[in-house]
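Nothing fancy with the numbering, it's 1 onward along the sequence.
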Amino acid sequence: MQNQQKIQNQQTPVPESPRMSDRDLVNDLLSMEKYLTASYNNAMNEASHEALYQDLLSVFTETQNEQRELFNLMFQNGWYKLEAAEQQKVQQSFQQHQGYSNQFPYGNQMQ
């Protein structure tokens, strides 16, 4: 197994306690926002009335923005870690998906 580079900020310490810490609360909120955006996305895909769709889109956008703010807060405090992608894997994925553009019904529009 290769040693993957971690992408993260220095972790803001939280007290060890049986009570929920700021990190625990923000993590819980982020999980909830992720669930809500997925649910609103499904609802929008199945909305048969345009006004309902627009209302759902508005709420979805607000929820997605809140999710992004919570992610940024967790990342800034070092509570959310990412693994750097290997350049070779990024290039392979790019080439694979670039090949899919040949299958588009209206020609190769990805440039």
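For the pair Gln11/Asn77, no side-chain contact is recorded, criterion being any heavy-atom separation below 4.5 Å from C-beta on. Counting only heavy atoms from C-beta outward, the side chains of Asn9 and Trp79 never approach each other to under 4.5 Å. Under the 4.5 Å side-chain criterion, counting only non-hydrogen atoms from C-beta, Lys6 is not in contact with Leu82.
Nearest approach of Tyr40 to Thr63, heavy atoms of both residues: CE1-OG1, 3.6 Å. The two residues Phe75 and Ile7 have their closest heavy-atom pair at CE1-O, 3.6 Å. Residues Asp24 and Arg19 share a closest heavy-atom pair of OD2-O, 4.2 Å.
Interatomic distance, OG1 of Thr61 versus CD of Glu66, reported as 12.0 Å (0.5 Å rounding). Interatomic distance, CG of Leu30 versus CG of Leu25, reported as 12.5 Å (0.5 Å rounding). To the nearest 0.5 Å, atom CG of residue Leu70 and atom CD of residue Glu33 are 6.0 Å apart. Note: Glu69 CD to Met74 CE = 14.5 Å, rounded to the nearest 0.5 Å. With rounding to the nearest 0.5 angstrom, the CD atom of Glu50 is 4.5 Å from the CD atom of Gln54.
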Query raised in the report: What do the steps show when you test Glu86 against Val90 for side chain to side chain contact (heavy atoms under 4.5 Å, CB included), and what is the final call?
Result: CA-CA 6 Å; Glu86 296 175 21; Val90 171; over 6 Å; no
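Atom CD of Gln96 is surrounded by more than 12 heavy atoms from other residues, nucleotides or ligands within 6.0 Å.
Of the listed residues (Asp55, Leu56, Leu57), just one forms a side chain to side chain contact (heavy atoms under 4.5 Å, CB included) with Tyr53, and that residue is Leu57. Partner of Gln67 under the side chain to side chain contact (heavy atoms under 4.5 Å, CB included) criterion, out of Leu29, Leu36, Thr37: Thr37 alone.
No continuous path of hydrophobic side-chain contacts links Leu73 to Met20 [ILVMFWY only; heavy atoms under 4.5 Å]. There is a path of hydrophobic side-chain contacts, each under 4.5 Å, that joins Val14 to Tyr80.
Using a distance-only test at 3.5 Å, with no hydrogens or angles considered, a donor-acceptor pair links the side chain of Ser39 to the main chain of Tyr35.
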Side-chain donor-acceptor contacts of residues 41-49 below 3.5 Å, not counting sequence neighbours, with atom names and distances?
unit_1, atom_1, unit_2, atom_2, d
Asn45, ND2, Asn41, O, 3.4
His49, ND1, Ala51, N, 3.2

